[in-house]
J.: 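My structure is below; once you've seen it, I'll send some questions.
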There are 2 protein chains.
Amino acid sequence: MADADERRELALLLRRLNVELDAVGQRFADLHGLNRTDVRALVAIMDAARRGEALTAGRLGDAVDLRSASVTALVDRLEKVGHVRRVRDPQDRRRVALEMSDTAMAAGAEHFGALAQDLTAAMEDYSDEELAVVRRFLTDMTDVITRHSRGS
Amino acid sequence: MADADERRELALLLRRLNVELDAVGQRFADLHGLNRTDVRALVAIMDAARRGEALTAGRLGDAVDLRSASVTALVDRLEKVGHVRRVRDPQDRRRVALEMSDTAMAAGAEHFGALAQDLTAAMEDYSDEELAVVRRFLTDMTDVITRHSRGS
DNA sequence: TCGATAATCTCGATTGTCGAGAGATTATGA
DNA sequence: TCATAATCTCTCGACAATCGAGATTATCGA
């Protein structure tokens, strides 16, 4: 068992990593004239697309924690600059599905994909056993943090 | 060397951790009727206090990336609810030093201190060698991420 | 068909942020 | 010393993102 200082240091490292990851998103926003919410929305839409589903406006609101009025404004912004399209769901015509434009997809892939690539490249310096330890650590810490982010 | 899927998975774990850590801050904000910026400001003031320095309004603006007008509004908000005090610096009377109230300090320590404690407790399951690997990993990844958060 | 339900949008108000510039204080140079 | 520049904070007016309440449109079940 490491001493207390070392463990506190690791907790601080996690926080620093958090700050820098937030900054990556902020940088993407700055580069593309978006705000933080817009980026989170695009990420949510992209994640859904990767899972093979098209997000509706309502589900997007759930994902980024916005009320319907704000979601409308959000989608208006994204549609105006051509990042998403509103598409009526032919199955249930009450729904409006959101589709990312190719250019937005490409921009996101370039920015965040490049980061992912650099990260995975940096992981090549680690053995399978080491990465297994890291995975266990990240999972454990995320569980602890998740407990704090919901009710205590 | 682990296969590509495993490494991609670890990158996703980092993002998940990022989301949950943000949520911890958001939860603190919700509990205390603050917004995200307010929380970041309080954290910055607390960090400075821990280093033994009192943040001025200007430096706080640097820390949270706000213009002076916004910093004034920010400090107004925090002062109104009693979380900080404005104290004219006697050395340089242009400056306004910011001091956290004891109640705000205690609230922050309770919320984030409890998280830090749970995190370090969870680290007791790891050997010194394992934590050394984790430290190296977090440092490496943070470096990569930092390069992306500044210029590419 | 008709009422109930669901998803989205409109409107008015509030709030956080910014740019420009003013006021006060300190540092600098002739 | 005194005038000027630099620094720090604040005020003011404008704008953009968000929300709550309620309206609108589409679908479903009886």
J.: Checking the side chain of B:R7 only, and the main-chain atoms of A:E124 only, is there a donor and an acceptor separated by less than 3.5 Å?
T.: no
J.: Run the side-chain contact (heavy atoms from CB on, under 4.5 Å) test against A:S68 and tell me which residues pass, sequence neighbours left out.
T.: none
J.: Taking only side-chain nitrogens and oxygens of B:S70, does any of them come within less than 4.0 Å of OP1 or OP2 of C:dC18?
T.: yes
J.: Within the 3.5 Å criterion, strictly below it, is a donor on A:T142 or B:E20 matched to an acceptor on the partner's side chain?
T.: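 No donor-acceptor contact under 3.5 Å links the two side chains.
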J.: Check every atom of D:dC19, D:dC10, C:dG19 against the side chain of A:L66 and return the nucleotide holding the closest atom.
T.: D:dC19
J.: Is a donor from one side chain sitting under 3.5 angstrom from an acceptor on the other, for B:Q26 and B:D30?
T.: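 Yes.
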J.: Just distance, no hydrogens or angles: give the donor-acceptor pairs under 3.5 Å from side chains in residues 102-119 of chain A, sequence neighbours left out.
T.:
residue : atom : partner : partner atom : Å
A:T103  : OG1  : A:S101  : OG           : 3.1
A:H111  : NE2  : A:V24   : O            : 3.4
A:D118  : OD2  : B:H148  : NE2          : 2.6

J.: With sequence neighbours excluded, tell me which residues meet salt bridge (charged side-chain N to carboxylate O under 4.0 Å, His left out) with A:R67.
T.: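 Per chain and number, A:R67 pairs via salt bridge (charged side-chain N to carboxylate O under 4.0 Å, His left out) with A:D65.
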J.: Runs of at least three consecutive Watson-Crick or G-U pairs, both distances under 3.5 Å, are what I'm after; which ones involve DNA chain C?
T.: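 When the pairs of DNA chain C are grouped into runs of at least three, the stems are C:1-30 with D:1-30.
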J.: Just jot down the ring-ring contact (aromatic ring centres under 6.0 Å, His included) partners of A:F137, sequence neighbours excluded, or say none.
T.: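 Scan of A:F137 (ring-ring contact (aromatic ring centres under 6.0 Å, His included), adjacent residues dropped) gives B:Y126.
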J.: Output the residues of residues 74-86 of chain A in contact with DNA chain D, where contact means a heavy atom of the residue under 4.0 Å from an atom of the strand; sort by number or write none.
T.: A:R77
J.: Taking the side chain of A:R95 as its heavy atoms from C-beta onward, which of C:dA7, C:dC9, D:dT11 lies nearest to it?
T.: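 Nucleotide nearest to A:R95's side chain: C:dA7.
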J.: Give a yes or no answer on whether the side chain of A:N18 reaches the backbone of B:N18 with a donor-acceptor pair at less than 3.5 Å.
T.: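 Checking the backbone N and O of B:N18 against the side chain of A:N18, a donor-acceptor pair under 3.5 Å is found.
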J.: Please report the shortest heavy-atom distance between A:A57 and A:V71, naming the atom on each side.
T.: O-CG1, 3.4 Å
J.: Identify each atom pair where a protein N or O and an N or O of nucleotides 22-26 of chain D are less than 3.5 Å apart, giving names and distance.
T.:
none

J.: State which residues pass salt bridge (charged side-chain N to carboxylate O under 4.0 Å, His left out) with B:R15; sequence neighbours excluded, sorted by chain then number.
T.: A:D47
J.: With a 4.0 Å heavy-atom cut-off, tell me which residues in residues 32-62 of chain A come close to DNA chain D, sorted by residue number.
T.: A:N35, A:T37
J.: Quick one: salt bridge (charged side-chain N to carboxylate O under 4.0 Å, His left out) partners of A:R95, sequence neighbours excluded?
T.: A:D92
J.: B:E129: what forms a salt bridge (charged side-chain N to carboxylate O under 4.0 Å, His left out) with it, not counting sequence neighbours?
T.: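 If we apply the salt bridge (charged side-chain N to carboxylate O under 4.0 Å, His left out) test to B:E129, skipping adjacent residues, there are no hits.
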J.: Who pairs with A:A44 by side-chain contact (heavy atoms from CB on, under 4.5 Å), at least two apart in sequence or on another chain?
T.: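 In terms of side-chain contact (heavy atoms from CB on, under 4.5 Å), with neighbours along the sequence ignored, A:A44 is linked to A:L55, A:L60, A:A63.
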